[in-house]
Amino acid sequence: MDFGRGAAALGLCWLALVAADRPATLEESVLDEINYVRAHPHEYADELRRYRDFFDGRVVRLPGDPVGELTREGTDAVDDAIAFLDRQAPMPALANGNLLARAARDLADEQASSGLNGHRSADGASPGDRVKRRGGDVFVSETISYGYDRADDVVRQLVIDDGVAHRGHRALIFGTGNRFAGVGCGAHPRVRFMCVIDYSATANGGPQLPTFVASGR
């Protein structure tokens, strides 16, 4: 559910008009939402304050959802995310990594058939292994959202990181070494939907070399 983006979103309306002839895919929307959160952490904290109002104990009931969703931590995880975002400085956008996206989709496609979850493929391949199979390298981190088919729900789940002790999904969204991300989403037979996001310092999962090495000096 969108809670409004104020002047920052209005200032980008012309971009939406340019692309109005083609609807964004869920993968594109998820990356856009991640980049909004990175660029506007304080505004997103205000969105989470509004989201917090829909809690009744550990159950959150958004408008149009009378049943609601049971969380593990209730508002404690939301408050933790708000405090983090209030301290967080804006960060540059992540560029789309096509090779990373293909590797992310590989896992989403596999789990759509198997019904499994987690970061390991059925043959034991790690996120880095999947990127390497696509022609890249292994310097990759990964987050997975299960259960949501809307970009705002996907990213909110990862930012709040309910029930995750060290908030590792949130940490990757705001990872200072990440410059690229690739998203792959699809149906899941047990939890309805999933989105995989692979992050790296480079477009192909290679290491980020020091400037003097990259320039050959």
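The backbone N or O of G163 sits less than 3.5 Å from a side-chain atom of E73, completing a donor-acceptor pair. Using a distance-only test at 3.5 Å, with no hydrogens or angles considered, no donor-acceptor pair links the side chain of R192 to the main chain of A187. No side-chain donor-acceptor contact under 3.5 Å links D137 to the backbone of G205. Judged by distance alone, the side chain of N178 and the main-chain N or O of A201 form no donor-acceptor pair under 3.5 Å. Not a single donor-acceptor pair under 3.5 Å links the side chain of S121 to the backbone N or O of G124. Formation of a donor-acceptor pair under 3.5 Å by the H188 side chain with backbone atoms of R190 is found in this model. The closest donor-acceptor contact from the side chain of T75 to the backbone of V78 lies at 3.5 Å or more, if one exists at all. Remark: the backbone N or O of A77 is not paired with any side-chain donor or acceptor of D80 at under 3.5 angstrom. Although no hydrogens or angles enter the test, the distance criterion places a donor-acceptor pair under 3.5 Å between the side chain of E110 and the main chain of A122. The main-chain N or O of M91 is never found under 3.5 Å from a side-chain atom of R38 such that the two would form a donor-acceptor pair.
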Side chain to side chain donor-acceptor pair (under 3.5 Å) evaluation trace for S29 with D32: CA-CA 5 Å; S29 297; D32 286 346; 5.4 Å; no

Let's go through E142 and V196 carefully: what are the C-alpha distance in whole Å and the side-chain angles of both, what is the deciding distance for side-chain contact (heavy atoms from CB on, under 4.5 Å) to 0.1 Å, and is it a yes or a no? CA-CA 7 Å; E142 185 174 88; V196 182; 3.5 Å; yes

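A salt bridge links D106 with R134; the closest basic N to acidic carboxylate O contact falls under 4.0 Å. Electrostatic pairing of R61 and D53 does not count as a salt bridge here, judged by no charged N lying under 4.0 Å from a carboxylate O.
Residues L100 and R105 are not in side-chain contact: their nearest non-hydrogen atoms beyond the backbone lie 4.5 Å or more apart. Proximity of Y199 to T143: side-chain heavy atoms (C-beta onward) are separated by under 4.5 Å at one or more points. Side-chain atoms of F139 and K132, non-hydrogen and from C-beta on, never get closer than 4.5 Å to each other. Using a 4.5 Å heavy-atom threshold, the side chains of V191 and N117 count as separate.
Under the 4.5 Å side-chain contact rule for hydrophobic residues, F84 and Y51 share a cluster. Under a hydrophobic clustering in which Ile, Leu, Val, Met, Phe, Trp and Tyr are joined whenever their side-chain heavy atoms come within less than 4.5 Å, directly or via other members, Y148 and F54 fall into the same cluster. If you chain together hydrophobic residues whose side chains sit under 4.5 Å apart, V183 and I144 never meet in one group. Each of F180 and L31 belongs to its own hydrophobic cluster when Ile, Leu, Val, Met, Phe, Trp and Tyr are linked at side-chain heavy-atom distances under 4.5 angstrom. F174 and L48 fall within the same hydrophobic cluster, where Ile, Leu, Val, Met, Phe, Trp and Tyr residues are linked whenever their side-chain heavy atoms come under 4.5 Å apart, directly or through other members.
Of all heavy-atom pairs between S141 and L172, the closest is CB-CD2, 3.5 Å. The minimum heavy-atom distance between R130 and L107, with the atom names listed, is NH2-CD2, 3.5 Å. The minimum heavy-atom distance between A108 and C185, with the atom names listed, is CB-C, 4.2 Å. A pairwise comparison of heavy atoms in G74 and D162 identifies N-OD1, 4.3 Å as the closest pair. Shown here for P41 and L85, the closest heavy-atom pair between the two residues is O-CB, 3.4 Å. Counting all heavy atoms, side chain and backbone alike, A103 lies closest to V131 at CB-CG2, 3.6 Å.
Of the residues listed (D153, L158, V159), the one engaging R156 in a side chain to side chain contact (heavy atoms under 4.5 Å, CB included) is D153, and it is the only one. Residue D161 is tested with H166, R167, R170, H169 for a side-chain hydrogen bond (donor to acceptor under 3.5 Å, both in side chains); the sole match is H169.
Under the 30°/60° scheme for interplanar angles, the aromatic rings of Y36 and H40 are found to be tilted.
Checked against the 6.0 Å centroid criterion, the rings of Y146 and F193 do not qualify as a close aromatic pair.
A distance of 15.5 Å separates CZ in R102 from CZ in R133, rounded to the nearest 0.5 Å. Rounded to the nearest 0.5 angstrom, E27 CD and I197 CD1 are separated by 10.0 Å. In this structure, the separation between NE2 on H42 and CD1 on I82 is 12.5 Å, given to the nearest 0.5 Å.
For the 3.5 Å distance criterion, the side chains of S200 and R179 fail to qualify, holding no donor opposite an acceptor.
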